[in-house]
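Just so you know, these numbers use all the heavy atoms, side chains as well, and skip hydrogens, waters and symmetry mates.
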Amino acid sequence: MSSSETRHGAITAAISWTDRHATNGNGSSLANGKKPVERVDEFFGADVFSIAEMRQRLPKSTLKSLMRTIEQGEPLSQEVADVVASAMKDWAIENGATHYTHWFQPLTGSTAEKHDSFIVPDGHGGMHFSLSGSELVQGEPDASSFPSGGIRATFEARGYTAWDATSPAFLMRGKNHVTLVIPTAFVSWTGAALDQKTPLLRSMDALSKHAIRLLKLFGTDSGVNRVTATLGCEQEYFLVDRNLYYARPDLVTCDRTLFGSKPPKGQQMEDHYFGSIPPRVLGFMAEVERELYRVGVPIKTRHNEVAPGQFELAPMFESANVACDHQMLTMETLRRVAPRYGMQAILHEKPFAGVNGSGKHNNWSMATNTGVNLLDPLDDTHMNLQFLTFLCAVIRAVDKHGDLLRSSVAGAGNDHRLGANEAPPAIMSIFLGDMLTHLVEQLERADLKETMRGGEINLGASVLPALPRHAGDRNRTSPFAFTGNKFEFRAVGSSQSPAWPCTILNTIVAESVDYIATELEKTVGQTPSKAALQQALLPLLQKIVKEHKRVVFDGDNYTTEWHEEAARRGLPNLKDCITAIPALGNEKNVKLFETYKVMTPTEVESRVHIFMEKYAKELLIESESMVLMARQVILSAALAHQERLAKAVSATEQAGVKCDSIKEQLRYFADLVERFNKTLDELDIADSHKDDDPFEYSQYMKEKVVPLMAKLRDMGDELEWRTSSELWPLPTYRELLFVK
């Protein structure tokens, strides 16, 4: 079968799937023969070893000890671990589990797991189920087989997974298996962190420690023994029909299209955003939500996004550590469920040129264990000095460590997305909105008098209610925007683990909170009166605003004028991975991580090495995939079209008919094919270059290979536009984006 027949077969299969299954799409549970859900509590968290489950299975003394570990970080004794392990094992087996796994997040960007059976010999020729406390607490994967940035050599294999009691264990279900999943950290034999979770937990400890110091100064620390970073991640993604997906080698290998001519209709009509959800997609969404609900992921919203074929879901806020685990689980679930509906979920930041890419907006805040959101301004914000203090800490953190914040979202995929119409630029700035900007201006004058009010919107129709108006608008172009009671970090990439950006954010804010607490303690001691605190606080906040207000910008972040203004203000503009990733290893940043015990210098250095190496490897995979597609697929189709044109010209002229315009088309097309083939050879030679130094290699790939890839793509896309549809072997953007 020819490649063009394969392509048309894929399209036919895709349309056929839609026709056969769309009518069932709005009720995936019914389509799968399952009973419809009647009550949320029948299934939400049903597969989670929750606190409620523990209350029923654990002795009170054991539960209290475990809760002190979870809530206060108290060390876990072996005796408690043994009791918890036995209860967890019994619960899992009762629910059909035969195996357990230590589930962790290595620096590959995905998750990892090794399944072990509960079954062990009983010493009498039989078997029984067992899970000891030591098996619960510690596992041992091969550390040298994961990215380590030099921390582990090939011959140094030992690494450990360590149970994270703060993130609930859950069950992973398949067609014929159930596995107990135990969230863990992953460290080297030397104790160095080889994962995303360990630095995140350390950063949360640092933030909590210094936030509690500040609350003590305000006298609002009663009952507070923990301040937790909270997180809610909006996940954008694309869905592509699975038959069409497998007819695109670039999507299969790189998760993005390396060629693709712009279709007549993209997102310019603005009709997809919040539009009616296609039945097949809605069925997929419902099943994703049901699976996530069962493991305790609190999905709240679902909708069409801006680009055709693009969608979004978002959870409610949780502790940042649990939210990051749930986010990784969400991405896995999207990928796992999509094939059941004949689709493929694509999480790449820019899978299709010319339409919006995908992000993962991280909504971040801080909350006490007593339930107080420290970034909630409340009504009379000008009188809420505690809120204003934490707000100024964030402003100072983003200004002082904008390079770190930018480096936390650096990746090959995000290089295609940042600065485009759907994503903020690489310049880190803060949007506060009218109300908070007004308050910050008052702080700068040390003259806090009023809080702006939003009022109401009268819609002019008697049947419509008056709407309360917020005191400030939103700004979708800002990378770091205040949105009511939290900050939305919009620059995070859709395929990225949120743990790393959250680790950076926790750490830089912890440093600023520490600075403010230390300055106040020098002046007023640790238990000041309200008047003394206010007298010392206002000049300090005024100083912070004056020194760091340059990072505040409420306008359009896309404009050339802002980029010029940001340069005048001295804000860093780290436009790509080549400039952003090395910033992580700057002396001030290494010292910051070391001071707050988030990472050692060795751990920081390893991550710089890993991230640069990953960037270069991704580019190499894409360039080699491009060469293969161009040679094996596109060039043959173009030559077939050229041959058809030549035969048409020859036959027409033999018939004595003039065909000057067709001859001109042939000349242009043949020249285009020749230029395409020449550039292809250049790229083939260029990507054969190797360099053991990841920094040098990344620089080479960026300067030499990426421009050739862009040049080859431009010509390949023009060939698609000019080649006969029946000869073109690849599903087009029109088909990939709109067949649902």
Side-chain angles (χ1 to χ4, degrees), residues 43 45-59 62-63 65-66 69-70 76-106 108 110-146 157-187 189 194-195 197 291-292 294-297 325 328-329 332-333 335-337:
F43 63 98
D47 285 344
V48 178
F49 192 61
S50 61
I51 301 297
E53 193 70 45
M54 290 187 222
R55 285 198 185 100
Q56 297 179 15
R57 294 176 179 270
L58 297 178
T62 302
L63 180 60
S65 178
L66 179 62
T69 297
I70 293 172
L76 188 73
S77 70
Q78 183 64 46
E79 181 183 1
V80 169
D82 284 334
V83 175
V84 174
S86 179
M88 192 183 291
K89 177 258 299 179
D90 290 344
W91 169 77
I93 291 171
E94 289 169 16
N95 281 277
T98 57
H99 290 67
Y100 69 93
T101 181
H102 275 199
W103 184 69
F104 57 101
Q105 300 172 35
T108 57
S110 57
T111 59
E113 57 196 54
K114 174 176 72 79
H115 296 198
D116 290 293
S117 173
F118 287 121
I119 298 174
V120 295
D122 64 5
H124 303 286
M127 297 283 183
H128 69 280
F129 291 120
S130 175
L131 178 66
S132 67
S134 59
E135 290 170 327
L136 168 64
V137 169
Q138 181 178 327
E140 189 180 341
D142 187 341
S144 66
S145 297
F146 292 99
R158 198 180 297 278
Y160 301 114
T161 49
W163 176 38
D164 173 17
T166 65
S167 185
F170 59 91
L171 299 177
M172 178 171 60
R173 295 182 180 272
K175 268 189 174 181
N176 60 354
H177 63 85
V178 180
T179 304
L180 172 65
V181 180
I182 302 165
T184 60
F186 177 43
V187 297
W189 177 76
L194 296 174
D195 68 338
K197 180 183 284 285
E291 290 210 1
L292 291 174
R294 286 193 66 88
V295 293
V297 182
D325 282 357
M328 300 305 289
L329 190 57
E332 290 179 15
T333 304
R335 293 189 182 104
R336 188 177 67 249
V337 173

Decide salt bridge (charged side-chain N to carboxylate O under 4.0 Å, His left out) for Arg57 and Asp90; before the verdict, give the C-alpha distance in whole Å, the side-chain angles of both, and the deciding distance to 0.1 Å.
-> CA-CA 9 Å; Arg57 294 176 179 270; Asp90 290 344; 5.5 Å; no
Which atom names give the shortest non-hydrogen contact between [X] and [Y], and what distance separates them?
X      : Y      : result
Thr166 : Ile70  : CG2-O, 3.6 Å
Phe129 : Ile119 : CE2-CG1, 3.5 Å
Phe118 : Ile93  : CD1-CG1, 4.1 Å
Pro183 : Ala169 : CD-CA, 3.8 Å

Take Phe49 and Leu180 through the test side chain to side chain contact (heavy atoms under 4.5 Å, CB included) and record every step on the way to the result.
-> CA-CA 9 Å; Phe49 192 61; Leu180 172 65; 5.6 Å; no
Between [atom1] on residue [X] and [atom2] on residue [Y], distance to nearest 0.5 Å:
X      : Y      : atom1 : atom2 : result
Ile182 : Glu113 : CD1   : CD    : 12.0 Å
Thr184 : Phe104 : OG1   : CZ    : 6.5 Å
Gln105 : Asp164 : CD    : CG    : 9.5 Å
His177 : Leu171 : NE2   : CG    : 12.0 Å
Met328 : Ser110 : CE    : OG    : 6.5 Å
Leu63  : Ile51  : CG    : CD1   : 6.5 Å

For Leu76 and Leu66, run side chain to side chain contact (heavy atoms under 4.5 Å, CB included): C-alpha distance rounded to whole Å, both residues' side-chain angles, the deciding distance at 0.1 Å, then the answer.
-> CA-CA 7 Å; Leu76 188 73; Leu66 179 62; 4.0 Å; yes
Side-chain donor-acceptor pairs under 3.5 Å in residues 77-88, sequence neighbours left out?
from	atom 1	to	atom 2	distance (Å)
Ser77	OG	Val80	N	3.2
Gln78	NE2	Asp82	OD1	3.2
Asp82	OD1	Gly133	N	2.8

Should Asp325 and Lys197 be marked as a side chain to side chain contact (heavy atoms under 4.5 Å, CB included) after you check the CA-CA gap, both sets of side-chain angles, and the distance that decides it?
-> CA-CA 9 Å; Asp325 282 357; Lys197 180 183 284 285; 2.8 Å; yes
When Phe186 is tested against each of Trp163, Phe146, Tyr160 for ring pair (Phe, Tyr, Trp, His ring centres under 6.0 Å), which residue passes?
->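 With Phe186 as partner, Trp163, Phe146, Tyr160 yield a single ring pair (Phe, Tyr, Trp, His ring centres under 6.0 Å), made by Phe146.
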Do Thr161 and His102 have side-chain atoms, one donor and one acceptor, less than 3.5 Å apart?
->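 Checked: Thr161/His102 side chains pair up, N/O donor to acceptor below 3.5 Å.
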Is the backbone N or O of Lys114 less than 3.5 Å from a side-chain atom of Thr101, with the two atoms forming a donor-acceptor pair by type?
->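 Looks like yes, one N/O pair under 3.5 Å.
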Is any NZ, NE, NH1 or NH2 atom of the basic residue among Lys89 and Glu135 found under 4.0 Å from an Asp or Glu carboxylate oxygen of the other?
->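 Salt bridge flag = no for Glu135 with Lys89.
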So does Arg173 pair up with Asp47, basic N to acidic O under 4.0 Å?
->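 Judged by the 4.0 Å cut-off on N to carboxylate O distance, Arg173 and Asp47 do form a salt bridge.
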Tell me, with the steps shown, if Met172 and His115 meet side chain to side chain contact (heavy atoms under 4.5 Å, CB included).
-> CA-CA 11 Å; Met172 178 171 60; His115 296 198; 3.7 Å; yes
